[in-house]
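First up is the structure itself, then whatever we jot down about it.
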Amino acid sequence: MHLSYSFHQGRASSISSAEQTRIERLFLMAEEGWRRSGDLSWIGAIYAHRALSALLEEASFASVVSYARQALVFLPRKEAVDFRVQMYRSACLLFVGREQLACGKVNEAREMLLQAKADNLPPGNQFLAVDIHLTLGQIYLAQGERNLAQQYLRQSLSEAHELHDEKVIAEAQRTLTGIEERGERGQFVEPLSAQEERVLQGLCSGLSNQEIANELIISVNTVKYHIKNLYQKLGVSNRLQASQVERQLRHSSYVDTQQQKPH
């Protein structure tokens with residue numbers, strides 16, 4: 001999962017373990033003081049800082065999300081907070097929103113990302129904005145909102161060019177190309193076999209390769225073979241993109257069915 005954060009200046013790896021221990025001790029002291037004074041939003045900022053540090057240290061994304069969720073307990077959505085910690089809330093909403101998207105909870109992800117966008121007040125952080133716009137494009141694509149998806153993806157692509165963010169450029173361009181190739185209703189997607197559809201459902205449900213193999217009573221290597229084939233047919237390169245295309249096709253199928261019903 002790509003995230004381009006450069007707004008957290010410096011590399012965590014350049015800080016010695018002794019310095020990290022000292023910083024954490026200072027955070028604990030500050031947290032105790034803020035709890036006594038009732039200024040809880042700054043406790044949220046501490047957890048947000050931990051989430052960002054975990055990201056820079058290349059810890060698991062689950063760890064990043066865990067800290068972000070703790071931060072949001074003290075930084076509730078749509079509640080007024082000090083403008084100095086709004087960027088922290090924006091970043092945490094992005095982290096948790098991306099996790100929600102990966103789990104197929106698209107509506108929840110959209111609400112979080114729209115709030116993250118609102119929190120990143122102008123002039124805001126450009127690197128944070130790029131990731132928010134890229135993710136919103138992916139969310140609207142998953143919901144079948146092709147025009148909105150293209151709008152946000154093009155915005156993130158333009159911003160990424162200005163920031164020389166090659167990873168976002170590649171991801172946004174790949175997704176835009178995929179939209180164009182699939183067409184408005186996905187009619188250019190090669191049909192999947194019955195077994196490939198079952199494997200795709202497993203991917204969209206968040207199952208591991210081993211869990212899919214157990215459920216379908218096939219080997220893990222066979223699962224990998226089907227995943228490779230369905231990736232090629234859908235024009236994607238990872239599970240998240242496959243889930244997005246599956247939801248878009250399902251949405252398009254539903255629209256077609258409704259339009260064919262007699263009125």
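In this chain, residues are counted from 1 in sequence order. Bear in mind that the values here come from a model prediction, so they are computed numbers and not experimental data.
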**Asked** How about Gln195 and Arg198: does a side-chain donor come under 3.5 Å of a side-chain acceptor?
**Response** yes
Note, Tyr152 side chain near Leu134 side chain (heavy atom, < 4.5 Å)
no
(Q) I'd like to know if the side chain of Gln115 pairs up with that of Asp119 as donor and acceptor (distance under 3.5 Å, no hydrogens or angles considered). (A) yes
Within the 4.5 Å heavy-atom criterion, are Val223 and Leu216 side-chain neighbours or not? no
Q.
Within the structure provided, determine whether Gln241 and Gln138 are in side-chain contact (heavy-atom separation under 4.5 Å).
A. no
- Would you kindly confirm whether Tyr231 and Leu207 end up in one hydrophobic cluster when ILVMFWY residues are joined by side chain heavy atoms under 4.5 Å apart? yes
CA sep, side-chain torsions, deciding dist, call: Asn214, Gln210, side chain to side chain donor-acceptor pair (under 3.5 Å) = CA-CA 6 Å; Asn214 294 343; Gln210 184 63 64; 3.0 Å; yes
(Q) Could you tell me if the side chain of Tyr88 sits less than 4.5 Å from the side chain of Leu52, heavy atoms only? (A) yes
* Pairwise side-chain contact, His49 with Tyr67, heavy-atom cut-off 4.5 Å (strictly under) -> no
Fill in: Under 3.5 Å side-chain donor-acceptor pair for Ser66 and Ser63
no
Per side chain to side chain contact (heavy atoms under 4.5 Å, CB included), Leu136 is matched among Leu114, Leu94, Leu141, Leu101 by Leu114
- [ ] Check the hydrophobic clustering (I, L, V, M, F, W, Y; side-chain heavy atoms under 4.5 Å; chains of links allowed) and say if Leu121 and Met87 are grouped together.
- [x] no
| Gln100 and Phe95, any side-chain heavy atoms less than 4.5 Å apart | no
dist Leu40:CG -> Leu75:CG (nearest 0.5 Å) comes out at 9.5 Å
